[in-house]
Amino acid sequence: MAAKVATRPPAETLSLWKREQARLKAFVVDRDTEAWQRDPAFSGLQRVGGVDVSFVKGDSVGACASLVVLSYPELEVVYEDCRMVSLTAPYVSGFLAFREVSFMVDAVRRLREKEPHLVPQAGALQLTGTFPWLFQVLFVDGNGVLHHRGFGVACHLGVLTDLPCIGVAKKLLQVDGLENSTLHKEKIRLLRAGGDSFPLMGGSGTVLGMALRSHDHSTKPLYVSVGHKMSLEAAVRLTHGCCRFRIPEPVRQADIRSRGYIHRTLGIGGTPAPGRERSRKAPRPRAGPEGVSEELAGKDRPPEAHSQGPRTHRRAPGPDAQGQG
DNA sequence: GCGACAG
DNA sequence: ATCTTGTCGC
């Protein structure tokens with residue numbers, strides 16, 4: 001049965017949420033805090049994470065939250081955690097975090113708890129200093145400081161977990177004077193190669209984020225903004241370095257896997273199809289967080305097979321990611 | 001009434 | 001955010 005979640009929150013609630021955003025915003029660090037972030041080749045970066053929440057169609061409560069960890073620079077999945085959750089807050093633009101962020105924090109906490117179990121081959125993972133985060137930066141589906149009040153979900157998650165976070169949105173949030181104008185579209189047209197970008201300046205003269213052409217064969221840009229503990233420049237450069245396709249691989253894998261989990265668990269649509277769960281050829285019912293298995297690791301083929309076409313060389317994620325001004 | 005609306 | 005179907009290119 002498709003349960004329903006509260007409709008639009010009363011103004012009083014939104015007021016509280018705004019206050020909470022303002023309170024937490026003071027903790028955002030919008031500069032590089034880690035050595036690898038300043039390294040031209042991101043030397044020392046070994047693990048990148050991605051989070052996403054997918055929804056059950058026709059059900060405003062049921063969803064799947066997922067966290068994946070990928071190796072860098074190979075971008076192969078080494079960890080996956082999918083979990084069914086019950087949403088309590090509706091989606092309100094500007095308040096996305098209040099709908100999704102708690103599940104993401106939970107997933108991070110689960111990983112941190114079972115992390116000692118997972119640290120694999122001692123040689124393969126040379127995390128110097130080693131309070132060994134299994135991942136060192138988290139990609140978030142949504143904006144960071146590019147937000148109505150400068151505190152999008154990527155900032156929110158960053159502050160709550162104290163982790164470096166990058167906000168990656170697929171559409172421009174038209175805020176602080178930013179608009180999807182003719183001029184904006186023209187700037188997009190001028191992005192020629194993967195890694196090209198231009199700054200998004202708010203009315204106050206501050207650069208809120210960057211529009212990034214994530215790879216050579218992508219026309220629609222990504223909108224990258226600082227979440228936490230990372231400079232915008234490093235965020236853009238790393239985002240480019242994590243794009244096999246338009247969407248950064250950590251977020252893309254989190255999305256694919258959370259949707260797949262829903263599909264396998266509930267069947268097509270929102271109908272709990274009891275027959276489907278087991279009748280499928282895969283006898284293995286679940287792939288839980290435990291999976292650091294090889295089957296989970298490299299076994300998926302990207303849907304967009306043509307994107308990796310004749311052009312063999314990707315741009316090295318080097319100092320070429322600046323683009324227009 | 002019109003336009004905007006991260007996910 | 002969500003689904004579907006077909007089509008194209010390699």
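Just so we're on the same page: letters track the sequence lines, and every chain starts at 1.
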A:Gln21-A:Arg149 side chain donor-acceptor pair, cut-off 3.5 Å: yes
Distance in angstrom units between A:Ile247 CD1 and B:dA6 P, rounded: 14 Å
Side-chain N or O of A:Ser54 closer than 4.0 Å to phosphate OP1/OP2 of C:dT2: yes
Side-chain N,O (A:Arg99) to OP1/OP2 (B:dG7) below 4.0 Å: no
Atom-pair distance (CD on A:Glu100; C1' on C:dT2), nearest Å: 13 Å
Integer-rounded Å distance: B:dA4 C1' and A:Asn180 CG: 11 Å
Touch class at under 4.0 angstrom, heavy-atom based, for A:Tyr91 against every strand present: base
Sugar-phosphate only, base, or nothing, as touched by A:Gly167 at under 4.0 Å among non-hydrogen atoms: nothing
Interatomic distance where CG belongs to A:Leu200 and P belongs to B:dA6 [whole Å]: 15 Å
Gap between atoms CZ and P, on A:Phe55 and C:dC3 respectively (whole Å): 11 Å
Electrostatic pair A:Arg192-A:Asp216, nearest N-O below 4.0 angstrom: no
Sugar-phosphate, base or nothing in reach of A:Val92, heavy atoms under 4.0 Å: nothing
Closest to the A:Gln174 side chain, choosing from B:dC5, C:dT2, B:dA6: B:dC5
Touch class at under 4.0 angstrom, heavy-atom based, for A:Phe95 against every strand present: base
side-chain N/O A:Lys170 vs C:dA1 OP1/OP2, d < 4.0 Å: yes
Between C1' of C:dA1 and CD1 of A:Ile262, the distance in whole Å: 10 Å
A:Val101-A:Trp17 co-clustered via ILVMFWY side chain contacts under 4.5 Å: no
d(CG, A:Asp52; P, B:dG7) in whole Å: 10 Å
Sugar-phosphate, base or nothing in reach of A:Asn143, heavy atoms under 4.0 Å: base
Whole angstrom value for the distance that separates P of B:dG3 from CG of A:Leu172: 18 Å
Check: A:Asp32/A:Ser231 side-chain N/O donor and acceptor closer than 3.5 Å: yes
Side-chain heavy-atom pair A:Val51, A:Asp141 within 4.5 angstrom cut-off: no
